[in-house]
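Following: one structure in structure tokens, then a few remarks.
Predicted model only: the values in this text are computed from it and were never measured.
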Amino acid sequence: MKKFSILLLVILLTFVSCKQSPHYWKFEKDCSEVTEIKIVDLSLTNDHYNYENYVIIKQLDITMVEQCMNDIESFEMKRYGTNLKTPRGKCFMIVFANGEYDLISVVESKHFKYDEEDGSLQPHISWLKCNEEQFNDLINKYLNTGETMESKN
């Protein structure tokens, strides 16, 4: 039993200490299919962030779509552990012509795609997180352009 514990500890330490390679968000649709770009704030409901309950902080001009998507796709992310998280705080919401959208958050960004069986929008788990300070800098870059619009979905 002692040998097994030592072996398990060595495997765990190897897994934890390995440097993670960077990951990048990949949009599944082209920028020509984008109809809206929003910066939204997810609200805290019942101690869980609910990605269906958000406040629109700013609607970005559609002419910024290519620049915004390029900035997001070049932003470095990493995989996180086994405890599934939900998107939270200020996020980018990229809405496509068919109603699907991507929610880009500091943690657990998601593609929301239609389920072929029941036709409902379903979130797809990414297991990605990024540096919160750097993500906030990216959000603020777009918050500081043009006018702010506040509204509920």
Side-chain angles (χ1 to χ4, degrees), residues 12 15-153:
L12 183 62
F15 178 72
V16 171
S17 65
C18 290
K19 184 174 176 14
Q20 286 191 22
S21 61
H23 295 270
Y24 299 92
W25 189 253
K26 182 67 179 148
F27 289 99
E28 295 179 349
K29 299 193 182 315
D30 187 78
C31 64
S32 65
E33 297 181 61
V34 173
T35 58
E36 294 180 284
I37 313 164
K38 304 173 189 177
I39 297 176
V40 300
D41 192 2
L42 301 179
S43 63
L44 185 60
T45 308
N46 299 327
D47 297 327
H48 293 89
Y49 286 92
N50 181 350
Y51 45 75
E52 295 172 348
N53 185 19
Y54 59 85
V55 173
I56 299 172
I57 298 172
K58 184 171 187 170
Q59 179 95 30
L60 299 179
D61 190 304
I62 198 67
T63 60
M64 301 179 82
V65 67
E66 192 170 351
Q67 177 187 354
C68 185
M69 288 176 76
N70 287 337
D71 283 349
I72 290 169
E73 285 186 328
S74 65
F75 196 77
E76 189 173 296
M77 298 179 169
K78 297 193 187 279
R79 297 266 183 217
Y80 67 90
T82 58
N83 186 12
L84 183 61
K85 300 184 183 304
T86 58
R88 63 180 170 86
K90 293 177 185 169
C91 308
F92 288 99
M93 179 181 275
I94 311 295
V95 182
F96 300 99
N98 69 350
E100 295 179 345
Y101 63 95
D102 285 2
L103 192 60
I104 315 303
S105 174
V106 70
V107 65
E108 194 46 50
S109 296
K110 293 185 180 295
H111 295 289
F112 288 81
K113 300 188 286 189
Y114 283 107
D115 183 299
E116 292 179 15
E117 290 183 22
D118 68 10
S120 65
L121 278 172
Q122 296 295 320
H124 292 263
I125 298 169
S126 70
W127 296 104
L128 294 175
K129 70 174 184 171
C130 54
N131 177 286
E132 190 165 4
E133 185 177 327
Q134 292 172 348
F135 185 79
N136 287 335
D137 288 345
L138 182 62
I139 286 275
N140 289 333
K141 171 184 174 179
Y142 288 95
L143 281 175
N144 295 326
T145 60
E147 293 184 23
T148 300
M149 168 186 162
E150 290 190 30
S151 129
K152 277 204 172 215
N153 69 339

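The ring-ring contact (aromatic ring centres under 6.0 Å, His included) search around Tyr80 returns Trp127, not counting sequence neighbours.
Between Tyr114 and Leu121 there is a side-chain heavy-atom pair separated by less than 4.5 Å. In this structure the side chain of Glu108 reaches within 4.5 angstrom of the side chain of Ser126, judged on heavy atoms. Under the 4.5 Å side-chain criterion, counting only non-hydrogen atoms from C-beta, Met77 is in contact with Ser109. Glu28 is listed as a side-chain neighbour of Lys113, based on a closest heavy-atom distance under 4.5 Å. In this structure, Met93 and Leu103 have side chains that are in contact, with non-hydrogen atoms separated by less than 4.5 Å. Counting heavy atoms from C-beta on, the side chains of Gln67 and Tyr142 come closer than 4.5 Å. Taking 4.5 Å as the limit, every side-chain heavy atom of Glu66 sits out of range of all side-chain heavy atoms of Cys68. Between Cys91 and Ile104 there is no side-chain heavy-atom pair separated by less than 4.5 Å.
In terms of heavy-atom proximity, Phe27 sits nearest to Ile94 at CE2-CG1, 3.8 Å. Contact record, His111 with Trp25: CE1-CZ2, 3.2 Å, taken as the closest heavy-atom pair. Contact record, Glu76 with Cys130: O-CB, 3.5 Å, taken as the closest heavy-atom pair. A pairwise comparison of heavy atoms in Tyr101 and Val95 identifies CB-CA, 3.9 Å as the closest pair.
Between the NE2 atom in His23 and the NZ atom in Lys129 there is a gap of 11.5 Å [rounded to 0.5 Å]. Atoms CD1 and CG, from Ile57 and Asp41 in turn, are 4.5 Å apart once rounded to the nearest 0.5 Å. Atom CD1 of Ile37 and atom CD1 of Ile62 lie 4.5 Å apart (nearest 0.5 Å). Atom CG of Asp137 and atom CG of Leu143 lie 11.5 Å apart (nearest 0.5 Å). In this structure, CE on Met69 lies 10.5 Å from NZ on Lys29, to the nearest 0.5 angstrom. The CZ atom of Phe92 sits 12.5 Å away from atom CG of Asp102, with the distance rounded to the nearest 0.5 Å.
Remark: Gln122 CD is packed, more than 12 non-hydrogen atoms of other residues, nucleotides or ligands lying under 6.0 Å away.
Judged purely by atom type and a 3.5 angstrom limit, Asp115 uses its side chain to pair as donor or acceptor with the backbone of Asp118.
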